Each structure stands twice: as structure tokens, then as C-alpha cells.
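Only one structure is covered here, and it is reproduced in the block below.
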Amino acid sequence: FIDKISASRSNVCKSISEFKFNKKRVRVLSKVKDFPEDSQGVVYWMSRDQRVQDNWAFLYAQKLALKMEVPLHVCFCLVPKFLEATIRHYHFMMEGLKEVEQDCNKLEIAFHLLIGYAKDVLPQFVTDHDIGGVVTDFSPLHTPMQWVDDVTTALPKNIPICQVDAHNIVPCWEASPKLEYGARTIRNKIHNQLSGYLTEFPPVCVHPYTPKQKPQNIDWTSIEASLTVDRTVGPVDWATPGSLAGLQMLESFCKERLKYFSKDRNNPNKTALSNLSPWIHFGQISVQRCILTVKQYRSKYKEGVEAYIEEAIIRRELADNFCFYNKNYDLIEGAYDWAKTSLKLHEKDKRKYLYTREQLEKGQTHDDLWNAAQIQMAIEGKMHGFLRMYWAKKILEWTGSPTEALETAIYLNDRFNLDGRDPNGYVGCMWSICGIHDQGWKEREIFGKIRYMNYEGCKRKFDVAAFVRKYRGK
Ligand code: FO1
């Protein structure tokens, strides 16, 4: 399976220089567009898409470097703090980056781990290495968008910088030019454009122009040891970091779980999910590769394949659309007016249970299903998708205000889930707590018109007791 993918990646650079790159994936961010004369290299500033193969930003950077006949450098800027990330996340990310370094070495491409914020380290790197242009990838979140803005301002004025959406299949700005109302309104816009983007990747190949100096040796162990992030939330054992392990997870999904995906994906006791979100979040595997692979099973598991396409393409790209076009994507202010009005009206409703953040974090509520879901997230770094909705809605029910509920849900999700700190996570919390991409429902206490979920409903859907038993005492 993986050998087949690798075999299709011949290392001959001819294919990429001849490859017609869909330019709609690229936006130029700087005022200048052209490379200065006599430059000595191109930089791919990697951030969200932490892989070598199946990466349109990497491919575009290599295509430019081949055209200019210069070396290709990959820079990753390791920041000391990113949202609520702990050593669980940094460890997963850095193990994946070690694989990126090795893959780059094999292809004669220099990989550099720069320590610090890009605005403080990348412009100097560009000057020191006589770089003629920078390519970066795309995330719609505030912090990485700010990093890109800062670098665009700090780069020497004659150096162009452009951005490639290497995460979405249809680039976020092409899928829709505006904030979409829901899956219903973005679905056709994406499907109508898919044929132009859902194409096979050419391989990143052995680079024929090598830099004068070898990149500095990276002491990964010391760098990880020097991080000042929270170490009380540790690595998990079920998810091996890196692109290879991500492809292996994709293989096991196709061979073992896809057949159950359409029927059982909402049952937390069944193993029917792809479980790929940690690798997708860190860009260690591309969603496009997942779709190209899963689609090969269409004749065998039609419904599963269609359900997966809906979740991995439509719902995922809708989440990026929301964060890109709504600057309040993680605040109650970002909700629709009907939801804001309704939540406000019920803000003072009496709560039967009120829990502190600490009680919630430790899974100490009266509800054994909620506690089990919280414990699953805390120890495994991934809560089952169905339970994420129930879990967030109960936080709305058991905290002092919708604002506190949203802050708490995002804090816990970002802290424990390997796939936290991602547009999907923000949209998931916003859907559950303030009705984003949903409609108004029958009005009730605390929730107002926000869709309600309860324990009894879960019992009708799956064996709640069996799930609770699995996490009891952990
Ligand atoms: N990207 C970086 O460019 N540098 C980092 O140091 C960095 C840390 C980091 C920690 C946790 C995490 O979940 C993501 C992290 N990212 C980092 C990646 C990135 O910015 C995000 O994945 C995207 O913004 C999500 O859209």
C-alpha cells in the first residue's frame, strides 16, 4: 500500500518542472512579485503542512527553485508557545519534523529548524543565505496569520513572499469569497471545483542545486528538553508521529474500518473512525492523499466513502471558511444574531449543576458519560467525534455563562486533544455552544434555541454503560 504510493514518486525532477501547477492555489502577499537577480536560493517556510510529499506548497517552492536554478531550503520556526499546546503536542510535532529533516536530506534539500518567531529569525536567514523568494503554507487562525503578516512586513522589500493553501483541496479563498452559512451553502461550490484540484501529486524530487554550506546539525533532544511548555500532559502511545505512521493509519482505516464508517461512526464503542486527525492537524499527512486513497474503495464501500468525503472535505473546508472569514471564530460574538439573542435571553437561567474548570478538567461531574469522555481525551489525546458534541453542550449547561462555557471547552480541547488548536476544534465548540452552521431549535432553559443533547438520547444511540466501564478508574 505505502510502497505503491512511494513507487509512484519517481525522483526525476523533470516531472515537476514540466508539471502545470494550478496557480489558484497561490496568493502573492508581497508588493513585489519577481525574484531579485543572482539570488542563491528559495525558502519554503513550513508551518501548518509538516510533510515533504503530497504538499503543494513544497512543490511550488521546488518548482520556483528549479526555474531559478538555485538551492531549496526548508525552514521551520519553532515558537516557544502556541495556544494551549503542551509537551504532548510539541513531542508529536517534533518527531514528525525529524522525519521531514530525513526526507529532505535524501532529496538534497536543506532543512533548518529556526528557534523563535518567524519575524525575528526568517528575515535574517533570507539575508544570510541570499534567498530570492519565500513560499509559505496557509492557516486561517489568528496567530499563524499574524506570523505571516509580520514576516511579510519584516522581509527585505525586494523579496517576494507567496502563500499556498496546502491543507485544503480547494484553496480556502477559491472555495468561497465569503463567510458561508453552512455545509448546505458551500457543498456545491466545493464539489463544482474539485476536478481542478483533486489531482495526483507529482513527487518532490532530488534537488539538483545544493547549497554551498550544509545546514546546521539539529540537536532535537536538547531542543525538546529546553521547551518551557506544560509537561503534565504527556505523549500518547496509540498515535506514532510522522508521515509514515500517518499513511499506515490511513491504510488501516481503508482496510479495516472504512467498511463500518457509514453505519458506526457515531458509536463511541466501535472502531469505525479514520483516527487521522492528529496527523492531518500537524500536516503530517495530506487530506488530499486521504481522499485519493479512500476513493479507490468506492465500488466496495460506497456509503462509507461518501460519508468520509463529506466529513474530510466539506465539513473540514467549511471550518477553514469560518475561521478565515469570521474574525470572532472563537468567541460568542462570532455566532449568528439569532443565537446570540437567544443565549443572552437565557444567560441568567438557573443552572442545576455548576462546575469549576478544575472539576471539569478532572472529570468530576455527576454524569459518568461526560466524565468518561473527558478522561478519554485527557489520557488518549483524542475524544470520539460523537461525544465531542455532547461534551461541549454539557459545558454550556453546567457553567455560569455561554462565554465561560465556550472558553472552557476551547481550553480543554486545545490542551488535551492532539487535534486541538485547529479550525475544526473551534468550529466544533462553536457549533455545540452557539449554533454555528446549525439552525434554531425548540426553545428551552439555558440553551435557548441552541440544539440540545441529553444522556437519554445517547443511551438510545449506543451502550453508554460499556463506554463508561472502559474509562472507569483511569
Ligand atoms: N507552527 C509553527 O510554524 N511553529 C510552531 O512552533 C508550531 C507549534 C505548534 C504547536 C501545537 C500545534 O498544534 C501546532 C503548532 N504549529 C506550529 C502549527 C500551526 O501553526 C497550526 O497547526 C495551524 O495554525 C493550525 O491551523
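We number each residue from 1, following the sequence as shown. Keep in mind it's a predicted model, so treat the numbers as computed, not measured. We use all heavy atoms of the structure for the numbers below, so side chains are in, but hydrogens, waters and symmetry mates are not. Indexing begins at 1, ligand by ligand and atom by atom, following the structure's order.
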query = Looking at Glu310 and Arg315, does any basic side-chain N land under 4.0 Å from a carboxylate oxygen?
reply = yes
ask   = So which bit of Ser47 gets within less than 4.0 Å of ligand 1, heavy atoms only: side chain, backbone, both or neither?
value = both
query = Of Phe125, Phe111, Tyr44, Phe58, which is the lone residue that meets ring-ring contact (aromatic ring centres under 6.0 Å, His included) with His73?
reply = Phe125
request  = Select one of side chain, backbone, both or neither to describe which atoms of Val79 lie under 4.0 Å from any atom of ligand 1, heavy atoms only.
outcome  = both
message = In this structure, does ligand 1 have an atom that sits under 4.0 Å from one of the heavy atoms of Asp422?
response = no
ask   = Are Glu95 and Lys98 close enough for a salt bridge, meaning some N to O gap below 4.0 Å?
value = yes
query = Hey, is Cys77 touching ligand 1 through its side chain, its backbone, both or neither, going by heavy atoms under 4.0 Å?
reply = backbone
ask   = So how far is it from Met383 CE to Met389 CE, rounded to the nearest 0.5 Å?
value = 11.5 Å
message = Below 4.0 Å from ligand 1: does a non-hydrogen atom of Pro423 turn up there or not?
response = yes
message = Starting from atom 2 (C) of ligand 1, what is the nearest protein heavy atom, named by residue and atom, and what distance separates them?
response = Phe76 CZ, 3.3 Å
inquiry  = For Gln50, state whether at least one heavy atom is located under 4.0 Å from any atom of ligand 1.
reply    = yes
message = I need the nearest protein heavy-atom contact for atom 23 (C) of ligand 1: residue, atom name and distance, please.
response = Ser139 OG, 3.7 Å
inquiry  = To check your reading of the model: name the closest protein heavy atom to atom 10 (C) of ligand 1, its residue, and the distance in Å.
reply    = Phe82 CD2, 3.7 Å
ask   = With a 4.0 Å heavy-atom cut-off (strictly under), which part of Met93 contacts ligand 1: side chain, backbone, both or neither?
value = side chain
request  = Could you tell me whether Trp147 and Phe82 have their ring centroids closer than 6.0 angstrom?
outcome  = yes
request  = Validate the cation-pi geometry between Arg257 and Phe253: distance from NZ or CZ to the six-membered ring centre under 6.0 Å, angle to the ring axis within 45°.
outcome  = no
key: For atom 22 (O) of ligand 1, closest protein heavy-atom neighbour   = His281 CE1, 3.5 Å
inquiry  = Looking only at distances, can you tell me whether any N or O atom of Arg421, backbone or side chain, sits closer than 3.5 Å to an N or O atom of ligand 1?
reply    = yes
